[in-house]
Amino acid sequence: MRFIVLGSAGGKGPNPEVEHLLRIIEEHGEIAQCDFTGRADLSESIGDFVIVLGGDGSILRAARQMGWVQRPVIAVNLGKLGFLAELAPGDLEAALGDLEQGHYQVSEHLMLRCTVFQEGESLVESLGLNELAVQSGPPFALMEVDLYVDDEWVTTYSCDGLIISTPIGSTAHNLSAGGPILRKDLQAFVISPISPHTLSHRPVVDSADRLYRIVIGRTRGEPAVVVDGVVLRTLSPGNEVTISRAPICFKLVNFPGRGYYRTLREKLGWGGQLEPSRGKNKMENGK
């Protein structure tokens, strides 16, 4: 097997923990390419799997680097929460053994494609894994944006911004803005306004097979379109941003023993008081 190994984009190179993990990887296959800058173009790289050593930010960078040629990703969490990076460093050797034995699955996850238009002319296009956000700029006053879904006008938001999130990204910026958590394999987008002036505006979940269009209205500053935390460009009144399902998917390697709700429970600190079996026993005893 050939691996492409990616890590933090800090530019300082591997640390001792990463060096140890690299030695483990070399015991199970060939490292065809190794990049810790976040700048390498992976579109023509030769590799069967991409191993990301870092947090969710490193995975987002890896998705950007792969671009239109997405490869299966094995994610090892060296960051904090790590919703996507489910493996702990100590789990990597066993996971690579499972990989060799074929004890794994590759799940495909929705990505979005966005395009910015000015008077019908395409200015820039980008892929996203987590979300697209249109956010107000200095002096950070309320902005107005119109949302259309399949050319049907939805509403005019007066807000600090608008997020359109994938299920993968529902636990990121969308969650912080009060949006819902979506199971990662759903084919849907979440529309979440940021601090809307009208309290009746609430997050909406809709099909990923629709075309979403954001039209910039009145604004006192320079709003920007941000994809996965990276500013794509600034916007002016009249600019349009379209969002649709990308024709490619993000591929994540899953190993036995890691369930979806286990990940949510551990990462979000959902503190259940009782184990299921204990709760059942106490109910049976009338306590």
Side-chain angles (χ1 to χ4, degrees), residues 1-6 33 38 40-52 54-77 82-87 95 98-99 102-115 125-133 149-150 163-175 179-191 205-212 226-230 232 241-256 258-260 263-264:
M1 285 183 292
R2 291 172 297 186
F3 300 108
I4 300 171
V5 182
L6 306 176
Q33 185 172 358
D41 181 4
L42 305 181
S43 60
E44 297 183 2
S45 298
I46 299 174
D48 302 305
F49 297 91
V50 172
I51 299 179
V52 179
D56 286 350
S58 297
I59 296 173
L60 294 179
R61 282 191 293 271
R64 284 198 299 272
Q65 286 180 261
M66 288 187 284
W68 295 98
V69 185
Q70 296 288 316
R71 297 174 180 83
V73 171
I74 300 169
V76 182
N77 184 25
F83 277 101
L84 294 175
E86 295 182 346
L87 291 178
D98 285 336
L99 193 72
H103 299 156
Y104 69 95
Q105 293 182 329
V106 177
S107 56
E108 296 189 343
H109 301 283
L110 177 71
M111 296 184 73
L112 61 82
R113 175 163 63 181
C114 73
T115 309
E125 183 178 84
S126 178
L127 289 171
L129 175 58
N130 261 8
E131 80 277 311
L132 172 143
V149 178
D150 284 346
I163 302 167
I164 295 188
S165 164
T166 68
I168 281 268
S170 67
T171 52
H173 197 176
N174 164 75
L175 185 63
I181 297 173
L182 270 62
R183 194 178 182 95
K184 291 189 293 186
D185 56 1
L186 291 178
Q187 303 300 301
F189 289 129
V190 185
I191 306 161
V205 179
D206 204 343
S207 168
D209 293 322
R210 301 188 183 280
L211 177 67
Y212 299 82
V226 183
V227 180
D228 290 349
V230 177
L232 189 58
V241 183
T242 63
I243 304 96
S244 61
R245 173 201 292 269
I248 58 172
C249 295
F250 177 72
K251 301 176 182 179
L252 189 63
V253 179
N254 305 118
F255 296 98
R258 299 297 305 187
Y260 173 70
T263 299
L264 289 181

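Using modelled atom types, no side-chain atom of Glu125 and backbone atom of Arg113 make a donor-acceptor pair closer than 3.5 Å. The backbone N or O of Ala40 sits less than 3.5 Å from a side-chain atom of Gln65, completing a donor-acceptor pair. Checking side-chain atoms of Thr115 against main-chain N and O of Thr242 turns up no donor-acceptor pair under 3.5 Å. A donor-acceptor pair under 3.5 Å links the side-chain atoms of Arg71 to the main chain of Leu42, judged by distance alone. With Ser165 contributing its side chain and Val190 its backbone, the two residues share no donor-acceptor pair below 3.5 Å. The main-chain N or O of Lys184 is found under 3.5 Å from a side-chain atom of His109 such that the two form a donor-acceptor pair. Looking only at distances, no side-chain donor or acceptor of Asp48 sits under 3.5 Å from a matching main-chain atom of Met1. Side chain of Gln70 to backbone of Trp68: no donor-acceptor contact under 3.5 angstrom is found.
From Leu186, atom CG reaches atom CD1 of Ile168 across 11.0 Å, with rounding to the nearest 0.5 Å. Summarising the geometry, atom CD1 belonging to Ile164 is positioned 11.0 Å from atom CG belonging to Asn174; distances are rounded to the nearest 0.5 Å. Rounded to the nearest 0.5 angstrom, Ser244 OG and Leu112 CG are separated by 8.0 Å. Residue Asp41 holds its CG atom at 12.0 Å from CE of Met66, rounded to the nearest 0.5 Å. How far CG of Asp228 is from CG of Asn130: 5.0 Å, rounded to the nearest 0.5 Å. Separating the CD1 atom in Ile248 from the CG atom in Leu127 is a distance of 5.0 Å, to the nearest 0.5 Å.
Residues Val230 and Leu60 fail the side-chain proximity criterion, which asks for heavy atoms closer than 4.5 Å. At least one side-chain heavy atom of Leu110 sits less than 4.5 Å from a side-chain heavy atom of Gln187. You'll find the side chain of Arg2 reaches within 4.5 Å of the side chain of Ile46, heavy atoms only.
Applying the salt bridge (Lys or Arg N to Asp or Glu O under 4.0 Å) rule to Asp206 yields the partners Arg210; only residues at least two apart in sequence or on another chain are considered. For His173, there are no side-chain hydrogen bond (donor to acceptor under 3.5 Å, both in side chains) partners two or more places apart in sequence or in a different chain. Residues forming a ring pair (Phe, Tyr, Trp, His ring centres under 6.0 Å) with Phe255 (at least two apart in sequence, or on another chain): none. Contacts of Asn254 classified as side-chain hydrogen bond (donor to acceptor under 3.5 Å, both in side chains), with partners at least two apart in sequence or in another chain: Ser107. Scanning for side-chain hydrogen bond (donor to acceptor under 3.5 Å, both in side chains) contacts around Ser45 gives Gln33, with sequence neighbours left out. Evaluation of the side-chain hydrogen bond (donor to acceptor under 3.5 Å, both in side chains) rule for Asp56 yields no partner, not counting sequence neighbours.
Relative orientation of the Phe49 and Tyr104 rings is perpendicular, given thresholds of 30° and 60° on the angle between their planes.
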Exercise. When you look at Val149 and Phe189, which way does the side chain to side chain contact (heavy atoms under 4.5 Å, CB included) test go after all the steps?
Worked result: CA-CA 11 Å; Val149 178; Phe189 289 129; over 6 Å; no

